[in-house]
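Everything below concerns the one structure shown next.
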Amino acid sequence: LTDVIVVGGGIFGQVAAATLRREGAIVEVLDARRPGAGSPPAGCVLRPSWLAGMPASDLDAAMMLLDELYGLRELELESIPLRSVVRCHRVEPELILGKPVIHGAVLSVGEDGSVHTESGVETPRVGTVVATGQWAQELTPWVGDVTGRWGWSHRGPPVQRNTVRVWAPYRQTVAFNMSDGRSWSGDAQALLEKSKVPDKEAKSRARCAEAVGCDVSRLETMCGARPYAAQRDTEPALLRRRGRVWSITGGAKNGTAAAAWAARRLVREMLG
Ligand SMILES: Cc1cc2nc3c(=O)[nH]c(=O)nc-3n(C[C@H](O)[C@H](O)[C@H](O)COP(=O)(O)OP(=O)(O)OC[C@H]3O[C@@H](n4cnc5c(N)ncnc54)[C@H](O)[C@@H]3O)c2cc1C
């Protein structure tokens with residue numbers, strides 16, 4: 001019998017599933033593979049100064065959990081034009097997102113944790129975690145506002161050096177090599193849907209091609225929405241419960257650390 005069903009196989013859902021499984025729970029992850037999800041384009045870069053909203057003890061615990069589950073890698077970025085070194089960490093996204101999921105859309109979730117799909121209803125023993133990102137309100141309308149803010153990232157040829165360059169307030173172009181030998185680059189845009197226009201995408205591609213040092217045509221672009229959730233001031237992500245249903249998402253640009261924070265809370269609340 002399944003202990004926990006996780007709806008959504010993005011960063012939040014998969015980190016939660018891995019953490020619950022580590023505690024011995026039998027967990028099933030369902031995912032509809034919806035276009036525009038936030039996790040596929042994510043670089044999974046973590047930089048403590050970008051996580052100012054998270055208390056230091058929570059941040060330390062989240063980083064430790066990610067290290068235990070996936071192995072945190074150090075990432076040094078050369079800051080352009082200052083040439084100082086910016087130290088961050090990262091998780092290889094494939095290690096989080098490459099875990100198996102059952103493909104399928106969930107139509108509704110009951111407060112007893114029952115999960116309704118086209119093939120029937122399943123009720124897990126402990127409860128259900130809804131981790132559906134920008135679509136959180138569809139299955140858990142009681143979570144409050146969740147807004148998708150769109151951005152692009154790009155895979156391309158390797159960079160000679162990993163770099164970060166500020167191009168506008170709170171906007172940096174980051175380019176670094178991933179473990180598969182190709183580069184990841186992104187420019188931290190977080191646009192409302194109406195502003196997600198081809199001109200902005202073209203500018204993102206041009207900025208990132210310059211950072212990578214290649215022609216724009218060599219970049220393979222991915223697009224997704226970061227879920228911005230109305231959460232309590234003291235909390236780095238959204239985590240709400242109703243009956244046997246927990247809904248988690250958010251984290252804005254820091255979804256990876258925020259997902260680990262939520263996963264630790266879920267273990268306490270669901271498994272006691
Ligand atoms: C360009 C870009 C770069 C980023 N870079 C970083 C970074 O470097 N570091 C970092 O920490 N964060 C980064 N982020 C932010 C981070 O990716 C997000 O905070 C995170 O992806 C949110 O994950 P999530 O699991 O809540 O949502 P999502 O990834 O959107 O996952 C939701 C999942 O739910 C599924 N789903 C939805 N509805 C249903 C349904 N009814 N039934 C079944 N399944 C359903 C979808 O198919 C989807 O897979 C980046 C985001 C973007 C867009």
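Order of appearance sets the numbers: ligands from 1, and atoms from 1 within every ligand.
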Exercise. Report the member of Ala190, Gly255, Ala262, Pro93 with the shortest heavy-atom distance to atom 16 (C) of ligand 1.
Key: Gly255
Quiz item: Would you call Gly251 a ligand 1 contact, heavy-atom distance under 4.0 Å?
Solution: no
Quiz item: Got a donor-acceptor contact below 3.5 angstrom from the Arg21 side chain to the Val27 backbone?
Solution: yes
Self-check item: Sub-4.5 Å side-chain heavy-atom contact between Arg171 and Asp187
Solution: no
Quiz prompt | Numbered atoms and elements of ligand 1 in range of Gly104, under 4.0 angstrom, heavy atoms | solution = 43 (C)
Quiz prompt | Side-chain heavy atoms of Arg73 within contact of Cys44, under 4.5 Å | solution = no
Quiz item: Taking heavy atoms and a distance under 4.0 Å, where does Val7 meet ligand 1: side chain, backbone, both or neither?
Solution: side chain
Quiz prompt | Contact partition for Phe12 relative to ligand 1, non-hydrogen atoms under 4.0 Å | solution = both
Quiz prompt | Residue part near ligand 1, for Arg33, under 4.0 Å between non-hydrogen atoms | solution = backbone
Quiz prompt | Atom indices of ligand 1 within 4.0 angstrom of Val45 heavy atoms, with elements | solution = 7 (C), 8 (O), 9 (N), 10 (C), 11 (O)
Quiz item: Numbering the atoms of ligand 1 from 1, which are under 4.0 Å from a heavy atom of Cys44?
Solution: 7 (C), 8 (O), 9 (N)
Quiz item: Out of Ser39, Gly10, Ala188, Ala42, who gets a non-hydrogen atom closest to atom 29 (O) of ligand 1?
Solution: Ser39
Quiz prompt | Residue list, ring pair (Phe, Tyr, Trp, His ring centres under 6.0 Å) with Trp184, at least two apart or on another chain | solution = Phe176
Quiz item: Do any N or O atoms from the side chain of Asp112 and from the backbone of Arg244 form a donor-acceptor pair under 3.5 angstrom?
Solution: no
Practice problem: Consider only side-chain N and O atoms of Arg205 and Thr221, and report whether a donor and an acceptor are under 3.5 Å apart. | Solution: yes
Quiz item: Going by the atom numbers of ligand 1, which of them fall below 4.0 Å from some non-hydrogen atom of Trp135?
Solution: 37 (C), 46 (C)
Quiz item: Quick one: which of Thr132, Val6, Thr256 has a heavy atom closest to atom 45 (C) of ligand 1?
Solution: Thr132
Quiz item: Counting from 1, what ligand 1 atoms have a heavy atom of Ala131 closer than 4.0 Å?
Solution: 32 (C), 33 (C), 34 (O)
Quiz item: When only distance counts, is Ala32 in polar contact with ligand 1, meaning an N/O pair under 3.5 Å?
Solution: yes
Quiz item: Among the heavy atoms of Gly36, does any lie under 4.0 Å from an atom of ligand 1?
Solution: no
Quiz item: Between Thr19 (side chain) and Val15 (backbone), is there a donor-acceptor pair under 3.5 Å?
Solution: yes
Quiz item: Which is closest to atom 46 (C) of ligand 1 by heavy-atom distance: Val91, Asp31, Val106?
Solution: Asp31
Quiz item: Quick check: does Thr249 get an N/O under 3.5 Å from an N/O on ligand 1?
Solution: yes
Quiz item: Are the side chain of Arg241 and the backbone of Gly243 linked by a donor-acceptor contact shorter than 3.5 Å?
Solution: yes
Self-check item: Atoms of ligand 1 close to Gly8 [distance to a heavy atom under 4.0 angstrom, numbered from 1]
Solution: 33 (C), 34 (O), 35 (C)
Exercise. Answer yes or no: is there a side-chain heavy-atom contact under 4.5 Å between Asn177 and Ser183?
Key: yes
Exercise. Answer with side chain, backbone, both or neither: which part of Trp150 has a heavy atom less than 4.0 angstrom from an atom of ligand 1?
Key: neither
Exercise. Kindly give the cluster partners of Val109, where membership spreads through any ILVMFWY side chain lying under 4.5 Å from a current member.
Key: Ile5, Val7, Leu30, Ile102, Val106, Val115, Val130, Leu139, Trp142, Val143, Val146, Leu238, Val245
Quiz item: Can a non-hydrogen atom of Gly186 be found less than 4.0 Å from any atom of ligand 1?
Solution: no
Quiz item: Are any of the side-chain heavy atoms of Arg155 and Met222 separated by less than 4.5 Å?
Solution: yes
Self-check item: Distance-only N or O hit between ligand 1 and Arg34, under 3.5 Å
Solution: yes
Quiz item: To the nearest 0.5 Å, what is the distance between CG (Leu65) and OH (Tyr70)?
Solution: 7.5 Å
Self-check item: Proximity flag Pro40 to ligand 1, non-hydrogen atoms under 4.0 Å
Solution: no
Quiz item: Do the side chains of Pro93 and Met178 get nearer than 4.5 Å, heavy atoms only?
Solution: yes
Quiz item: Quick check: does Ile11 get an N/O under 3.5 Å from an N/O on ligand 1?
Solution: yes
Quiz item: Which atoms from ligand 1 have a heavy atom of Gly43 less than 4.0 Å away?
Solution: 5 (N), 6 (C), 7 (C), 8 (O)
Quiz item: Does ligand 1 have an atom under 4.0 Å from some heavy atom of Asn254?
Solution: yes
Practice problem: Give a yes or no on whether the backbone of Lys99 and the side-chain of Gln14 come within a donor-acceptor separation of less than 3.5 Å. | Solution: yes
Quiz item: What do we get for Cys223 next to ligand 1 when only non-hydrogen atoms under 4.0 Å count, side chain, backbone, both or neither?
Solution: neither
Practice problem: Below 4.0 angstrom from a heavy atom of Gly250, which ligand 1 atoms are there? Numbered from 1 as shown, please. | Solution: 19 (O)
Exercise. Could you tell me whether Glu92 and Arg90 have a side-chain N and a carboxylate O separated by less than 4.0 Å?
Key: yes
